[in-house]
Undergrad: 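Before anything else, here's the structure in question.
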Amino acid sequence: MKPSIPQGTRDFSAEVVRKRQFIFKTISTVFERYGYHPLETPAMENLETLMGKYGEEGDRLIFRILNNGLDHPKKQEQARVDFEKVLEGKNVPGISERALKYDLTIPFARYVAMNHGQLSFPFRRYQIQPVWRADSPQKGRYREFYQCDADVVGSKSLLNEVELTSIYMEAFALLKVPVEIKINSRKMLSALANACGGQEYLTDITVAIDKLDKIGIEKVKEEILRKGLTEEQYSIIEKYLHISGSPAEQLEKAAALLGSEPLCEAAIAEIRFILDYADKLSSPESLFVDFTLARGLNYYTGIIFEVKAKGVKMGSIGGGGRYDELTATFGVPNIPGVGISFGVDRIYDVMEELGLFPESLKSGARLLFFNLGEKETKFAFSLAQELRSKNVAAEIFHETAKFDKQFKYAEKKNIPFVAIIGSKEMESNTVMVKNLATGEQQSIPANELAAFFESK
RNA sequence: GAGGGUGUAGCUCAGCUGGUUAGAGCACCAGAUUGUGGUUCUGGGGGUCGUGGGUUCGAGCCCCAUUAUCCUCCCCA
């Protein structure tokens, strides 16, 4: 048979794994600095935990796991009856009661609901794990991909939003990715909806203006009018979308337009709270107020975030916001929260495009010992062991072979140095070390080899 | 869920309006070169042309089906 992997999944080769781990490690280091703790949850959850949390569309994309033992003679009859129901589109525990997790937020909510007695609030956690979606794959979309989330629950303080903003700034600074961090408040959008027709239009308006930079203002207008708003009502939206200027000016203009709405006042207070901390953040120039920012998800209730990479054509590489009642669906009310996520796969693509990964991630071993025969290899082996004990990665070529072959191996594996030990070297107790990039070689006493590499 | 493109050597792909024995580059192996690579040269191994049918004297090429994969829209990260 021809080997293959399931559609929408990937193997990661050595270099890719190192680069991805570099991203994970950088981000988690920043999370830890702010007192966020790691959490891991199982790949699979009970189907019941996940169903109904992601909307109709989302439910269809959940990977369900078939129960074991359906072929057991005692169960076969029941399985047939149950399967008929599955064909009608129902979920039947007899056929499937587990599913692969679809995101990290719902499992986190489940965890908090299960353990809220033991947790001390506010509870901060970060989580970097794969999730699975039975979507049809295309460019930049996979059936297995990683999410990287940080959330704090059990606190309404806007200081959390400030810190999450700061986390974005620090993490992207460490990764050297130039970004724009956009913020808005969902309350501002609610105020807008109230001003032009009422809350029942909130979702329609949000969905439409969220697409602004994708489809252009004309299409946004079309879409909004199609939803039943009048030209007059739309004119308020148009004015809203044209608000510009410095953050302070933006807030003023918004107040002038929607000031009569109490929610607008609340929104302005939230945004102003964050802006008041701007001078204490590491890169305030990357923070922007963007009233057109809406985020697709409807569960956000306060501040919302979105991060875009500068100088690259790419969707957002991070996003998040405040939500209320994360755990209410699991019977534990009154736990508000706010969280952000990093789009790891897209960050990878951006960094690859801009050449931001450190060179050191490319090679494994620093040194390859040539294999020139049995005696020589024994000599090389003890030297290699010494290097390894001093944390210098070293490899010995696996069999005696022509120089040509061993050189090519080193080159392919991006190993920068080779060590040649033949009878001459063994006699004088030295090692011939060659730098492959420059072609220079020098004879180094065997007992100084480790020091030579440790100093590099 | 809707709509496109592509399946030929390990990889990337040529292959004319259907016409003898299906090619190239890279990779691999051997040699020129028994302790100094990246260049060059010579030789070599490798393919039931995704699968199944059909049209034809003749199909890698045309038709139908099927399957895999990539992409666009919807939605999302």
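All values reported here derive from a predicted model rather than from experimental measurement. Residue numbers start from 1 in every chain, and the chains themselves are labelled A, B, ... in the order their sequence lines are given, proteins ahead of strands.
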Undergrad: Applying side-chain hydrogen bond (donor to acceptor under 3.5 Å, both in side chains), name anything that partners A:E45, two or more places apart in sequence or on another chain.
TA: A:R110
Undergrad: Over all strands shown, is A:I420 touching base, sugar-phosphate only, or nothing at heavy-atom distances under 4.0 angstrom?
TA: base
Undergrad: Pick out the pairs of N or O atoms, protein on one side and nucleotides 69-72 of chain B on the other, that lie under 3.5 Å.
TA:
unit_1, atom_1, unit_2, atom_2, d
B:C71, OP1, A:K139, N, 3.3
B:C71, OP2, A:K139, N, 3.3
B:U72, OP2, A:Q138, OE1, 3.3

Undergrad: Calculate the interatomic distance between A:K424 atom NZ and B:G35 atom P; express it in whole Å.
TA: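 From A:K424 NZ to B:G35 P: 10 Å.
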Undergrad: Taking B:G23 as the reference, what is the distance to B:A14 when you measure between their C1' atoms (whole Å, please)?
TA: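 Each nucleotide's C1' atom is 7 Å from the other's.
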Undergrad: Restricting to side-chain hydrogen bond (donor to acceptor under 3.5 Å, both in side chains), what partner residues turn up for A:S283, sequence neighbours left out?
TA: A:S286
Undergrad: Out of B:A77, B:U36, B:G37, which nucleotide sits closest to the side chain of A:Y142?
TA: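 In terms of side-chain proximity for A:Y142, the closest of B:A77, B:U36, B:G37 is B:A77.
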Undergrad: If I pick the C1' atom on B:U51 and the same atom on B:G7, what distance separates them, to the nearest angstrom?
TA: 11 Å
Undergrad: Would you mind classifying the nucleic acid contact of A:L436 as base, sugar-phosphate or nothing, using non-hydrogen atoms under 4.0 angstrom?
TA: base
Undergrad: Show the nearest heavy-atom pair for residues A:Y300 and A:R186, with the distance to one decimal.
TA: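 Nearest pair, atom of A:Y300 first, then A:R186: O-CG, 3.3 Å.
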Undergrad: Which residues pass the side-chain contact (heavy atoms from CB on, under 4.5 Å) test with A:V17, sequence neighbours left out?
TA: A:F12, A:Q21
Undergrad: Students often get this wrong, so: under 4.0 angstrom with heavy atoms, is A:K405 touching a base, only sugar-phosphate, or nothing?
TA: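 Sugar-phosphate, backbone atoms only, no base.
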Undergrad: Nearest whole angstrom, please: distance from the C1' of B:U36 to the CG of A:N435.
TA: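 Atom-to-atom, A:N435 to B:U36, this comes out as 14 Å.
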Undergrad: What is the nucleic acid contact for A:E144, judged by heavy atoms within less than 4.0 Å: base, sugar-phosphate only, or nothing?
TA: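 Answer is nothing: A:E144 stays at 4.0 Å or more from every strand.
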Undergrad: Between protein and nucleotides 25-28 of chain B, what N or O pairs are separated by less than 3.5 Å?
TA:
unit_1, atom_1, unit_2, atom_2, d
B:C28, OP1, A:K412, NZ, 2.5

Undergrad: Going by the rule side-chain contact (heavy atoms from CB on, under 4.5 Å), which residues pair with A:A150 if we only count those two or more places apart in sequence or in a different chain?
TA: A:F31, A:Y36, A:Y126, A:I340
Undergrad: Take the protein atom CG of A:N414 and the nucleotide atom C1' of B:G38, then report the distance between them rounded to whole Å.
TA: 13 Å
Undergrad: Are A:F407 and the base of B:G38 stacked, counting only ring centres nearer than 5.5 Å and planes tilted under 30°?
TA: no
Undergrad: Using a distance-only test with no angle check, is there a side-chain donor-acceptor pair under 3.5 angstrom linking A:N160 and A:S155?
TA: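 There is such a pair (donor and acceptor under 3.5 Å, judged by atom type) between the side chains of A:N160 and A:S155.
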Undergrad: One thing to verify: whether A:K53 and A:D59 come together as a salt bridge, which I'm taking to mean a side-chain N less than 4.0 angstrom from a carboxylate O.
TA: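 Looking at A:K53 together with A:D59, the answer is no, because their closest N to O distance does not fall below 4.0 Å.
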Undergrad: Expressed as a whole number of Å, how far does the P atom of B:A24 sit from that of B:G46?
TA: 15 Å
Undergrad: Which whole-number value in Å describes the distance from A:D404 CG to B:C29 C1'?
TA: 12 Å
Undergrad: Rounded to whole Å, how long is the line connecting atom OH of A:Y146 with atom C1' of B:C76?
TA: 20 Å
Undergrad: Which string of ( ) [ ] | and . matches RNA chain B, if you list each base 5' to 3' and count Watson-Crick or G-U pairs only when both distances are under 3.5 Å?
TA: (((((((..((((.....[...)))).(((((.......))))).....(((((..]....))))))))))))....
Undergrad: How far, in whole Å, is B:C11 from B:G58 if one measures between their C1' atoms?
TA: 33 Å
Undergrad: With P as the reference atom in both, quote the distance from B:A30 to B:G35 in angstrom, rounded to an integer.
TA: 15 Å
Undergrad: What is the distance from CG of A:L61 to C1' of B:C76, rounded to the nearest Å?
TA: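 In whole Å, B:C76 C1' and A:L61 CG are 8 Å from each other.
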Undergrad: Can we call the ring centroids of A:F63 and A:Y102 under 6.0 Å apart?
TA: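 A:F63 vs A:Y102: aromatic centres not under 6.0 Å.
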Undergrad: Nearest-Å distance, CD (A:E425) to C1' (B:U36)?
TA: 11 Å
Undergrad: If you take any heavy atom closer than 4.0 Å to RNA chain B, which residues from residues 25-33 of chain A end up in contact?
TA: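 The stretch gives none, as no residue of it lies under 4.0 Å from the strand.
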Undergrad: Residues in side-chain hydrogen bond (donor to acceptor under 3.5 Å, both in side chains) with A:K187, at least two apart?
TA: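 A:K187: side-chain hydrogen bond (donor to acceptor under 3.5 Å, both in side chains) contacts with A:E270.
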Undergrad: If we take the P atom in both B:C49 and B:G3, what is their distance in whole Å?
TA: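 The same atom, P, in both gives a distance of 31 Å.
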Undergrad: For residues 139-148 of chain A, which residue pairs qualify under salt bridge (charged side-chain N to carboxylate O under 4.0 Å, His left out), counting only residues two or more places apart or in two chains?
TA: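 Residue pairs passing salt bridge (charged side-chain N to carboxylate O under 4.0 Å, His left out), neighbours aside: A:D135-A:R141.
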Undergrad: Ignoring hydrogens, what is the shortest heavy-atom contact between A:S316 and A:R346? Give both atom names and the distance.
TA: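 Closest approach of A:S316 to A:R346, heavy atoms only: O-NH1, 2.9 Å.
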Undergrad: By side-chain hydrogen bond (donor to acceptor under 3.5 Å, both in side chains), which residues pair with A:R322, not counting sequence neighbours?
TA: A:E161
Undergrad: What's the separation between atom CG in A:L354 and atom CG in A:L175, rounded to the nearest 0.5 Å?
TA: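 It comes to 11.5 Å.
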Undergrad: Could you tell me whether A:R366 sits above the aromatic face of A:F417, with NZ or CZ closer than 6.0 angstrom to the six-membered ring centre and within 45 degrees of the axis?
TA: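 No, A:R366 does not lie over the aromatic ring of A:F417.
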Undergrad: Determine the Euclidean distance between corresponding C1' atoms of B:U72 and B:U8; express it in Å to zero decimal places.
TA: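 That atom pair is separated by 27 Å.
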Undergrad: What's A:G422 touching, base or sugar-phosphate or nothing? Going by heavy atoms closer than 4.0 Å.
TA: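 Contact class for A:G422: base.
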Undergrad: Only pairs at least two apart or in different chains count here, so list each salt bridge (charged side-chain N to carboxylate O under 4.0 Å, His left out) that has a residue in residues 417-442 of chain A.
TA: none
Undergrad: When the distance from CZ of A:F403 to C1' of B:U39 is rounded to whole Å, what number comes out?
TA: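 Distance check: A:F403 CZ to B:U39 C1' gives 19 Å.
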Undergrad: Mind checking the P distance from B:U42 to B:U33? Whole angstroms is fine.
TA: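 That atom pair is separated by 16 Å.
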Undergrad: Taking the nucleotide of RNA chain B with the closest heavy atom to each, which residue, A:R60 or A:R143, is nearer the 5' end?
TA: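 By nearest-heavy-atom nucleotide position, the 5'-most residue is A:R60.
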Undergrad: Checking only heavy atoms, does the side chain of A:E376 share a donor-acceptor pair with the base of B:G35 at less than 3.5 Å?
TA: no
Undergrad: Base, sugar-phosphate or nothing for A:S423? Non-hydrogen atoms, less than 4.0 Å.
TA: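 Base contact.
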Undergrad: Between B:U36 and A:Q406, counting only base atoms on the nucleotide and side-chain atoms on the residue, is there a donor-acceptor pair under 3.5 Å?
TA: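 No.
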Undergrad: Going by atom types alone, do A:Y323 and A:D151 pair a side-chain donor with an acceptor below 3.5 Å?
TA: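 Indeed, the side chains of A:Y323 and A:D151 share at least one donor-acceptor pair under 3.5 Å.
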